Chemist: 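Take this structure first; my questions come after.
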Amino acid sequence: MSSGPLDGSAAPKLPGAPSRRRRRPKPPPTAYNRSSGSTIELPAGHAAQVFPVGSSTGFIGEAFSMDSLEFMRWAAVRYDSDRFVLVVLFHLMGSQKPGGLIEAKHEDVAEDLGYSRSHISRVFNTLETDGALRRIQRGLYQLNPAASLRGGLREPEKGAKKRSKAGMSDRVEQLDLLREIMNDPDAPEAFRAMAAPGAKLEVRWESDGEGKATS
């Protein structure tokens with residue numbers, strides 16, 4: 001004898017037991033997560049999105065650096081016979097503030113690395129001659145933004161109050177910095193040459209008498 005409804009219709013299905021599958025917790029926000037932004041009303045046929053100023057809290061030291069791999073390869077060959085230049089160069093690359101600025105005197109770098117001031121001064125002169133570094137004023141230098149640039153927000157000038165909210169003008173833009181250098185009559189020629197669009201880093205090869213190629 002059937003236990004179904006008398007009218008012949010299918011028996012209603014009873015709700016099953018609730019699923020015990022656990023939902024995966026959402027990962028915490030990091031600097032690598034990009035916000036979806038918000039849509040802006042624009043004329044027909046146009047669209048855009050606005051994103052918040054990207055933070056850099058997900059990077060070592062809470063800052064990010066945009067380094068040219070071509071420059072690193074060039075420097076490895078260029079300074080192979082004088083590798084102390086690479087030691088100082090790496091130290092300067094890690095000492096940048098937004099915009100590639102380095103607030104340090106020769107004696108400061110010498111103390112950090114444990115070498116004499118004369119050793120550091122020689123390397124600074126080498127990097128300036130090659131266009132990788134320039135002296136803006138005493139105790140203030142700038143690495144070439146085409147070679148290495150620390151991004152982020154511009155730091156307020158000494159004595160100026162920090163803004164409560166950062167705007168687009170506070171962001172360090174690599175192309176804007178390079179354009180400023182090309183238009184700066186006080187920028188050394190070698191520094192501008194490395195910052196020029198499509199600059200080529202060439203190494204002249206010579207022999208050291210033992211079959212090893214040197215620059």
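Note that this is a predicted model, so its numbers are computed, not measured.
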Chemist: Let me confirm one number: the NE2-CG distance from His91 to Leu86, rounded to the nearest 0.5 Å.
Modeler: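 Spacing of NE2 (His91) from CG (Leu86) equals 14.5 Å.
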Chemist: Are Tyr79 and Phe90 linked, directly or through intermediate hydrophobic residues, by side-chain heavy-atom contacts shorter than 4.5 Å (ILVMFWY only)?
Modeler: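 Yes, Phe90 and Tyr79 fall within the same hydrophobic cluster.
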Chemist: Is Arg135 salt-bridged to Glu128, going by a charged N under 4.0 Å from an acidic O?
Modeler: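 No, this pair does not count.
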Chemist: Arg192 side chain to Glu189 main-chain N or O, any donor-acceptor pair under 3.5 Å?
Modeler: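 No: the side chain of Arg192 does not pair with the backbone of Glu189.
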Chemist: Would a distance-only check, ignoring hydrogens and angles, find a side-chain to backbone donor-acceptor pair under 3.5 Å from Asp184 to Ile181?
Modeler: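 Checked: no pair found.
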Chemist: Between Tyr115 and Phe84, how do the two ring planes meet: parallel, tilted or perpendicular, split at 30° and 60°?
Modeler: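 Answer is tilted, since the angle falls between 30° and 60°.
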Chemist: Before you tell me yes or no, could you show the steps for Trp74 and Glu202 under side chain to side chain contact (heavy atoms under 4.5 Å, CB included), namely the whole-Å CA-CA distance, both residues' side-chain angles and the distance that decides it to 0.1 Å?
Modeler: CA-CA 8 Å; Trp74 171 84; Glu202 298 181 359; 6.0 Å; no
Chemist: Linking I/L/V/M/F/W/Y whenever their side-chain heavy atoms sit closer than 4.5 Å, directly or via other members, would Ile136 and Met182 fall into one cluster?
Modeler: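 They do not share one cluster, since no chain of ILVMFWY contacts under 4.5 Å joins Ile136 to Met182.
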Chemist: Any carboxylate oxygen within less than 4.0 angstrom of a Lys/Arg side-chain nitrogen, looking at Arg179 and Asp176?
Modeler: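 Salt bridge flag = yes for Asp176 with Arg179.
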Chemist: For the residue pair Pro145 and Phe191, what are the closest heavy atoms and their distance?
Modeler: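 Looking at all heavy atoms of both residues, the closest pair is CD-CZ, 4.1 Å.
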Chemist: Should Phe71 and Leu143 be marked as a side chain to side chain contact (heavy atoms under 4.5 Å, CB included) after you check the CA-CA gap, both sets of side-chain angles, and the distance that decides it?
Modeler: CA-CA 12 Å; Phe71 172 77; Leu143 276 172; over 6 Å; no
Chemist: For Glu107, I'd like to know if atom CD has over 12 heavy atoms of other residues, nucleotides or ligands within 6.0 Å.
Modeler: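 Yes, because the 6.0 Å sphere around CD of Glu107 holds more than 12 heavy atoms from other groups.
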Chemist: Would you say that more than 12 heavy atoms from the other residues, nucleotides or ligands in this model lie under 6.0 Å from the CZ of Arg117, or not?
Modeler: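 Correct, the count exceeds 12.
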Chemist: With a 4.5 Å cut-off on side-chain heavy atoms, are Ile102 and Lys97 touching?
Modeler: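 The answer is no; the side chains never approach within 4.5 Å.
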Chemist: Distance from Leu101 atom CG to Gln96 atom CD, nearest 0.5 Å?
Modeler: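 So the gap between those two atoms works out to 8.5 Å.
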Chemist: Identify whether Ile120 and Val85 are in the same connected component of the hydrophobic contact network (ILVMFWY, side-chain heavy atoms under 4.5 Å).
Modeler: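 Same hydrophobic cluster.
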Chemist: Grab the two heavy atoms, one from Met194 and one from Ala147, that are nearest each other, plus how far apart they are.
Modeler: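 Closest heavy-atom pair between Met194 and Ala147: SD-CB, 4.2 Å.
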Chemist: Ion pair present between Arg122 and Asp82, side-chain N to carboxylate O less than 4.0 angstrom?
Modeler: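 Yes, Arg122 and Asp82 are salt-bridged.
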Chemist: Drop me the distance from Arg78's CZ to Leu127's CG, to the nearest 0.5 angstrom.
Modeler: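 Going from the CZ atom of Arg78 to the CG atom of Leu127 covers 10.5 Å.
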Chemist: Within the structure provided, determine whether Ser68 and Ser148 are in side-chain contact (heavy-atom separation under 4.5 Å).
Modeler: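 No, every pair of side-chain atoms sits at 4.5 Å or beyond.
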Chemist: Do Arg138 and Glu103 meet the salt-bridge criterion of a basic N to acidic O distance under 4.0 Å?
Modeler: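 Looking at Arg138 together with Glu103, the answer is no, because their closest N to O distance does not fall below 4.0 Å.
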Chemist: With clusters defined by side-chain heavy atoms of hydrophobic residues (ILVMFWY) lying less than 4.5 Å apart, directly or transitively, does Leu178 cluster with Met66?
Modeler: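 No.
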Chemist: Please lay out, stage by stage, how Leu133 and Gln142 fare under the test side chain to side chain contact (heavy atoms under 4.5 Å, CB included).
Modeler: CA-CA 6 Å; Leu133 183 74; Gln142 182 184 31; 5.9 Å; no
Chemist: Stepwise, does the side chain to side chain contact (heavy atoms under 4.5 Å, CB included) test hold for His106 with His119?
Modeler: CA-CA 9 Å; His106 292 191; His119 282 80; over 6 Å; no
Chemist: I'd like to know if Arg134 and Asp186 make a salt bridge, using a cut-off of under 4.0 Å between side-chain N and carboxylate O.
Modeler: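 Asp186 and Arg134: not salt-bridged.
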Chemist: When you measure from the side chain of Asn144 to the backbone of Gly131, do you find a donor-acceptor pair of N or O atoms at a distance under 3.5 Å?
Modeler: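 Yes, the answer is positive, given that a donor and an acceptor are paired below the 3.5 Å cut-off.
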Chemist: Flag the pair Phe124 / Tyr141 as yes when their ring centroid distance falls below 6.0 Å, and as no otherwise.
Modeler: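 Yes, the ring centres sit under 6.0 Å apart.
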Chemist: Should Leu175 and Leu149 be regarded as members of a common hydrophobic cluster, given that ILVMFWY residues are connected when their side-chain heavy atoms come within less than 4.5 Å of each other, either directly or indirectly?
Modeler: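 Different clusters.
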Chemist: Find the distance between CG (Leu92) and CG (Asp112) and round it off to the nearest 0.5 Å.
Modeler: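 Reported value, rounded in 0.5 Å steps: 10.0 Å.
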Chemist: Minimum heavy-atom separation for Ala195 to Ala146, with atom names?
Modeler: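 In terms of heavy atoms, the two residues are closest at CA-CB, 4.1 Å.
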Chemist: When you measure from the side chain of Asn125 to the backbone N and O of Ser121, does any donor-acceptor pair fall under 3.5 Å?
Modeler: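 Yes; judged by distance alone, with no hydrogens or angles, the pair exists.
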Chemist: Find the distance between CG (Leu140) and CD (Gln137) and round it off to the nearest 0.5 Å.
Modeler: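 Separation between the atoms: 5.0 Å.
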Chemist: To the nearest 0.5 Å, tell me how far Leu89 CG sits from Thr126 OG1.
Modeler: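 Leu89 atom CG to Thr126 atom OG1 measures 11.0 Å (nearest 0.5 Å).
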